[in-house]
Structure formats: structure tokens, C-alpha cells
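Before any comments, here is the structure.
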Amino acid sequence: LAKTTQPISMDSYEGQEVNITCSHNNIATNDYITWYQQFPSQGPRFIIQGYKTKVTNEVASLFIPADRKSSTLSLPRVSLSDTAVYYCLGVQTGANNLFFGTGTRLTVIP
Amino acid sequence: GAGVSQSPRYKVAKRGQDVALRCDPISGHVSLFWYQQALGQGPEFLTYFQNEAQLDKSGLPSDRFFAERPEGSVSTLKIQRTQQEDSAVYLCASSLDLGQPEQYFGPGTRLTVT
């Protein structure tokens with residue numbers, strides 16, 4: 001089980017690109033890096049998952065260097081509605097339960 | 001389509017009462033999960049089902065917690081003799097099958113034990 005470390009909180013102005021870095025020094029070869037987003041009074045929502053290099057979807061990009069000891073979630077041009085808690089998880093292939101940490105509380109400022 | 005729904009959304013119980021929390025997963029989803037989320041913390045795994053079979057209940061904090069999914073769809077999490085430390089948001093999630101990275105979460109039930 002990969003232990004992940006990420007900043008407790010971040011602030012950003014609207015329209016800026018936000019990068020949230022996650023450290024996972026003991027990640028195993030069969031672990032994927034997975035990010036979830038949680039708005040107040042809602043359950044978490046899957047954002048993106050990757051193994052190596054770069055993955056991009058309509059919501060975010062995920063950068064994972066070759067050594068896989070860290071990863072960066074990139075949110076382009078954030079808006080106020082992106083204010084949420086973002087969780088970085090190491091998910092073992094075929095695993096059935098998710099281990100969330102405390103996440104990063106992102107606050108977008110007008 | 002409809003997502004995961006949970007009821008009630010809010011529950012206040014006096015210490016010692018029993019409570020039952022309901023989860024309606026996405027239709028056709030084989031796997032169903034329960035998590036507990038304390039204030040300011042991330043969700044913590046409680047238990048999961050594949051269809052009606054409860055395959056892992058290692059996260060249930062005590063024998064006062066019991067979950068069932070008798071027909072492989074709707075699930076109920078029951079807490080007997082509630083204690084103040086049981087106050088939390090209880091989240092239900094479902095996925096197409098076991099081992100899928102994407103779990104779909106409901107809005108949760110906020111339980112307050114007074």
C-alpha cells in the first residue's frame with residue numbers, strides 16, 4: 001500500500017493553473033496513482049488515474065516522472081467551482097478498497 | 001443516468017439507539033462499498049460486497065456495525081447501540097466490478113449521535 005503525502009491546503013486565484021504535488025516514495029510496481037475530488041456535502045469523485053508519464057482528460061492532467069516517487073495533478077484555469085478537497089491515492093491493480101489520506105484543500109479565490 | 005443514492009441524508013440518534021442507513025447503487029454495479037468519513041478526514045474503508053457476498057469487512061470498527069446486501073443491489077449499514085464516536089458521514093460507493101479504479105460515491109448520510 002503506497003503511503004501518499006500531499007499539502008494540506010492551497011489557495012489559487014481564478015483563471016490560474018494549479019499544480020498539486022503528491023509524494024509516494026514507496027509506491028509498488030503494480031500501484032496506480034489515482035486522484036479523487038470531493039466537494040462539500042458530496043462523496044468523492046474520480047478525476048484521473050495514471051501509471052507513468054502523462055495522462056490528460058477533460059478535467060485534469062496527471063504527470064508522473066520515470067521514478068514514480070511523486071506525481072502532479074494539474075488543473076488548468078481553475079474557477080471558483082474547483083474549490084474542493086483533492087485526494088491522491090496509490091491504488092493496487094485489482095484492489096477493491098480505496099485508502100484516502102487527508103487530501104489537499106484547494107480554495108479558489110475570485 | 002441515476003447515480004448512487006443514500007437515505008436518509010441526515011440522521012440524529014440518541015446514544016444507545018440503533019440506526020439503519022440505506023444505499024441504492026447504480027443499477028448493474030456488481031461491487032458496493034461503505035466508507036466512514038470523520039470531520040476533516042478522508043473517507044475510511046468499512047466493508048465491500050460483490051453482489052450479495054460480503055467479501056471484506058475488515059474496516060468495520062466494532063461488532064456493533066453490520067452491513068448486508070441480501071439481493072445484490074440495495075445495501076443497508078446498521079449500527080447498534082450507537083455511541084458518540086460513531087458520529088460521521090457514511091458514504092456508499094459502487095463500481096461495475098471488483099478491481100475497478102473508479103468508484104461512484106453517493107452523497108453520504110451524516111449521522112450525529114447525541
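Bear in mind the structure is a predicted one, so any value in this text is a computation, not a measurement. Only heavy atoms go into these numbers, but all of them, side chains included; no hydrogens, no water, no symmetry mates. We name chains A, B, ... by the order of the sequence lines, and we start the count at 1 in each one.
- In this structure, the portion of Q37(B) lying under 4.5 Å from any heavy atom of chain A is its side chain and not its backbone.
- For CD1 of I8(A), the number of neighbouring non-hydrogen atoms (other residues, nucleotides, ligands) closer than 6.0 Å is 12 at most.
- The contact between R9(B) and chain A is made entirely by side chain atoms (from C-beta outward), counting heavy-atom distances below 4.5 Å.
- Using a 4.5 Å cut-off between side-chain heavy atoms of Ile, Leu, Val, Met, Phe, Trp and Tyr, with links allowed through other members, Y36(A) and Y90(B) fall into different hydrophobic clusters.
- Only the backbone of Q42(A) comes within less than 4.5 Å of a heavy atom of chain B; no side-chain atom from C-beta onward does.
- Neither the backbone nor the side chain of Y32(A) has a heavy atom closer than 4.5 Å to any heavy atom of chain B.
- Atoms OH and CZ, on Y104(B) and F46(A) in that order, are 8.5 Å from each other to the nearest 0.5 Å.
- At most 12 non-hydrogen atoms from other residues, nucleotides or ligands lie less than 6.0 angstrom from CZ of R15(B).
- Criterion: ILVMFWY side-chain heavy atoms under 4.5 Å apart, direct or through other members. Under it, V18(A) and V108(A) are part of a common hydrophobic cluster.
- Linking ILVMFWY residues whenever their side-chain heavy atoms come closer than 4.5 Å, directly or via other members, places F33(B) and L55(B) in the same cluster.
- The heavy-atom pair separating F45(B) from L98(A) by the smallest distance is CB-O, 4.2 Å.
- Although no hydrogens or angles enter the test, the distance criterion places no donor-acceptor pair under 3.5 Å between the side chain of Y35(B) and the main chain of G43(A).
- Placement of L77(B) and L91(B) in two distinct hydrophobic clusters is found when ILVMFWY residues are connected by side-chain heavy-atom separations under 4.5 Å, directly or transitively.
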